[in-house]
Asks: 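Mind having a look at this structure? Questions to follow.
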2 protein chains.
Amino acid sequence: MDIENSKAQMKKGILEYCILSIISRGEVYASDILEEMKSSSLLVVEGTIYPLLSRLKNEGLLSYNWVESKSGPPRKYYQLTQQGITFMNELGLTWQELVKAVNELTQKTNNQI
Amino acid sequence: MDIENSKAQMKKGILEYCILSIISRGEVYASDILEEMKSSSLLVVEGTIYPLLSRLKNEGLLSYNWVESKSGPPRKYYQLTQQGITFMNELGLTWQELVKAVNELTQKTNNQI
DNA sequence: AATATATACTATGTATTGCATAGTACTAAA
DNA sequence: TTTAGTACTATGCAATACATAGTATATATT
């Protein structure tokens, strides 16, 4: 039985919310997001974030500008669309409800073990 | 863009923890768990819970006794194994760390929007 | 007694998602 | 010109929740 796998499963569903949240603070490109997630101990890798950004863009939650870089190929700087902002706020509510529900459910337990 | 889907994705990774937690309070069978989850606004359905219980049992986190029922076929009453208790506690730690990390990450944001 | 209904568990297939991996393309240093 | 670093793209795999259909048992209804 692998705790690492379960840990990864827990993380899965909230990546979307975290990434929208990071982008909402100001324009960033993929590597900025990777950095930010790493520093929050929510490790993510390239293979995860690029497809996710593409998906969110295709769904109309994000848009981007190409920006030239001095140290390599151009970068996609992402920003939230109006729809993205709305969606992020809904995810925030969902997250809070989830935390509340899980904490209530599991605290009943901890008192008895 | 479907908020319901994202909501479902968030829920995915924590079901395991919730179910172990419920079982740790005392022996229950599948329908008890379904009831408990529903009353915590963490809706789950049969098709989810039966395979999950089987998986956890095969992994050695749960064991069960057959108990006769007056209103239908016999029931599997589950309990945690020692390994299951250990694992549940690890999941609890993981959950708390995750909540902390996500809240810190997203609160930075909310202050600026 | 025979059928219908409710309950409980089983089995199979699907969709979504994170991730591993390999590949392309561009810039700058060596 | 080659090498290293950076940024994005494309493909396939594994894990999980869920939909759906099916099997089996006990009680209720006729």
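Proteins get letters first, then strands, A, B, ... in listed order; numbering begins at 1 in each.
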Asks: Members other than Leu93(B) in its cluster, when Ile, Leu, Val, Met, Phe, Trp, Tyr link by side-chain heavy atoms under 4.5 Å?
Replies: none
Asks: What does the B/S/- profile of nucleotides 10-21 of chain C look like, 5' to 3', with a 4.0 Å heavy-atom cutoff to protein?
Replies: B-----BBSBS-
Asks: Grab the OH-C1' distance between Tyr77(B) and dT7(C) for me, whole Å please.
Replies: 12 Å
Asks: Find out if a path of hydrophobic residues (ILVMFWY) with successive side-chain heavy-atom gaps under 4.5 Å connects Leu52(B) to Leu43(B).
Replies: no
Asks: Classify the ring geometry between Trp95(A) and Tyr17(A) as parallel (under 30°), tilted (30 to 60°) or perpendicular (over 60°).
Replies: tilted
Asks: Please report, rounded to the nearest Å, how far the P atom of dT16(D) is from the NZ atom of Lys7(B).
Replies: 24 Å
Asks: Which residues pass the side-chain hydrogen bond (donor to acceptor under 3.5 Å, both in side chains) test with Ser69(A), not counting sequence neighbours?
Replies: Ser71(A)
Asks: In whole angstrom, what separates Asn58(B)'s CG from dC9(C)'s P?
Replies: 15 Å
Asks: What integer distance in Å separates Arg75(B):CZ from dC9(C):P?
Replies: 8 Å
Asks: Can you list the other members of the hydrophobic cluster that holds Val67(A), where links are side-chain heavy atoms under 4.5 angstrom apart?
Replies: Tyr29(A), Tyr77(A)
Asks: Which residues satisfy the side-chain hydrogen bond (donor to acceptor under 3.5 Å, both in side chains) test with Glu97(B), sequence neighbours excluded?
Replies: none
Asks: In this structure, how many angstroms lie between the C1' atom of dA17(D) and the CG atom of Leu53(B), rounded?
Replies: 13 Å
Asks: Distances under 3.5 Å between protein N/O atoms and the N/O atoms of nucleotides 27-30 of chain C, please, pair by pair.
Replies:
unit_1, atom_1, unit_2, atom_2, d
dT27(C), O3', Lys70(A), O, 3.2
dA28(C), OP1, Lys70(A), O, 3.1

Asks: Residues in side-chain hydrogen bond (donor to acceptor under 3.5 Å, both in side chains) with Asp32(B), at least two apart?
Replies: none
Asks: Apply salt bridge (charged side-chain N to carboxylate O under 4.0 Å, His left out) to Glu4(A) and list each qualifying residue two or more places apart in sequence or on a separate chain.
Replies: Lys7(A)
Asks: Suppose we screen for side-chain hydrogen bond (donor to acceptor under 3.5 Å, both in side chains). Which residues come up paired with Ser63(B), at least two apart in sequence or across chains?
Replies: Gln79(B)
Asks: How long is the line joining CG of Asn65(A) and P of dA7(D), in whole Å?
Replies: 17 Å
Asks: Whole angstrom is fine here: how far is it from NZ in Lys57(A) over to C1' in dC8(D)?
Replies: 14 Å
Asks: Rounded to whole Å, how long is the line connecting atom CD1 of Ile3(A) with atom C1' of dA15(D)?
Replies: 15 Å
